[in-house]
Number of protein chains: 2
Amino acid sequence: MRSDAQANRERVLAAADEVFREFGQAGSTEEVARRAGVGIGTVFRHFPAKRLLVDATIVRHFGLLTATARARAQAADAGEAFRTTFRELVSGAPAKLALIALREETGSTGDVEAAVAELREAVGAVLSRAQEAGEVRPDVTVAEVYLLITALANAPGDGPVVDKAVGVVLDGLSPNGLA
Amino acid sequence: MRSDAQANRERVLAAADEVFREFGQAGSTEEVARRAGVGIGTVFRHFPAKRLLVDATIVRHFGLLTATARARAQAADAGEAFRTTFRELVSGAPAKLALIALREETGSTGDVEAAVAELREAVGAVLSRAQEAGEVRPDVTVAEVYLLITALANAPGDGPVVDKAVGVVLDGLSPNGLA
DNA sequence: TGCATTCCGGAGTCGTCACTCCGTATGTTT
DNA sequence: AAACATACGGAGTGACGACTCCGGAATGCA
């Protein structure tokens, strides 16, 4: 692979991440090309169909999220690790991911499924540790936690309100919150 | 207004509700016409622009939700009223409302804002009563509750998982859950 | 029942977007 | 530096969707 090709591929992916996060699937390929500073032809050379571009963007994004979740898994305080991971995934470092919502509609190649599965697994690991440490109620499963994360991640609203809402949910997940 | 015109208007709105819930804003006007059993011309006669159709659909939908919320406000048990309303709005009778998400993107006429405000107000009433009865922690505001509802309403996932997640959130909202 | 008015239907228009094609440019190899 | 392979750019194509227009049907009133 030629060096300029590789560089362009990166730039396209970065631009796509930006555009899709802003407009969802409705974001046009042309806009992606414009922001990447390349011609449309180049975008299609790398990703022959729009879905492939979307999928690649999602995989890339989820890769980052999985990495941060895995990093937390090593922390000493299991409860704190869980809560931090939860917060990070909701509104955290790699920025808002309206992409999670996109996932649902994409017919998607297996890559996407795999990336999602990996993220779930990483979340599951952090969750299990926290539950074993008695920091999170034992009756919840990864499915529920993951659902709560995606729900909150896609929620519209101002920062402080979201933070507070997340706090409420975390209280509900704590062992004291057991009904 | 002629009687057939009024009947058609209803049918178009019902079809629009269905289509937009299924496809979001991407649902085509033609599909709405098809399901309503009328020609496209008729749809545009009643709603001269697509946004007006979307807005009218949202207003209609929110009207139903507000009505159910208000009905609950009279119930004897304030805590139970709150929890029931919460559940109803998340996954309840008038069906899933991906429409709430739509609201965010629509440039929207004032009607929509008004309908949303009314629903928030109704939720606020139920919430206040529950808080006064000591059934819901006093430090949460309507904004947060409303955000939690919209977040969960748009969450993808199977019924049981959603139910459980809602349960967790309600635990977090209970006075015991206070951190 | 007849007439005026309102409304309906759907073929046609215009713009947009995903995707193609190929002449030109850039990187790589010898 | 020449020659070859690989990429790039962006005008062009086809499909689709919002919206228009008007001939023909309902509807309601006298």
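Reminder, nothing fancy here: chain letters follow the sequence lines and each chain counts from 1.
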Practice task
Return yes when atom CD of E30(B) has more than 12 non-hydrogen atoms of other residues, nucleotides or ligands closer than 6.0 Å, and no otherwise.
Solution key: no
Practice task
Determine the sole option in V169(A), V126(A), V123(A), T150(A) for which the side chain to side chain contact (heavy atoms under 4.5 Å, CB included) test with V145(A) is passed.
Solution key: V123(A)
Fill in the blank from the handout: E10(A) atom CD is separated from dC8(D) atom P, nearest whole Å, by 13 Å
Fill in the blank from the handout: With sequence neighbours left out, the residues meeting side-chain contact (heavy atoms from CB on, under 4.5 Å) with D163(B) are none
Practice task
Provide, to the nearest angstrom, the distance between the CZ atom belonging to F20(B) and the P atom belonging to dG17(D).
Solution key: 13 Å
Handout entry: 5' precedence on DNA chain D between A49(B) and S3(B) (nearest-nucleotide basis)
Key = A49(B)
Exercise for the section: Write down the distance between CZ (F44(A)) and C1' (dT13(D)), rounded to a whole number of angstrom. Expected result: 13 Å
Completion exercise
Per-nt protein contacts along nucleotides 3-17 of chain C (heavy atom under 4.0 Å; B base, S backbone sugar-phosphate only, - none) come out as ---BBBBB-------
Practice task
Mind running side chain to side chain contact (heavy atoms under 4.5 Å, CB included) on R35(B) and E22(B) for me, showing each step along the way?
Solution key: CA-CA 13 Å; R35(B) 294 205 195 182; E22(B) 191 167 339; 3.2 Å; yes
Problem - F23(B) CZ to dC16(D) P, straight-line distance once rounded to whole Å - result: 15 Å
Problem - Student check: side-chain heavy atoms of R9(A) and V12(A) closer than 4.5 Å - result: no
Practice task
Determine the contact category for A33(B): base if any of its heavy atoms lies under 4.0 Å from a base atom, sugar-phosphate if only primed atoms, P, OP1 or OP2 are that close, otherwise nothing.
Solution key: nothing
Fill in the blank from the handout: Taken to the nearest whole Å, CZ/R34(A) to P/dG9(D) is 14 Å
Exercise for the section: Decide if atom CD of E80(B) counts as having more than 12 heavy atoms of other residues, nucleotides or ligands within a radius under 6.0 Å. Expected result: yes
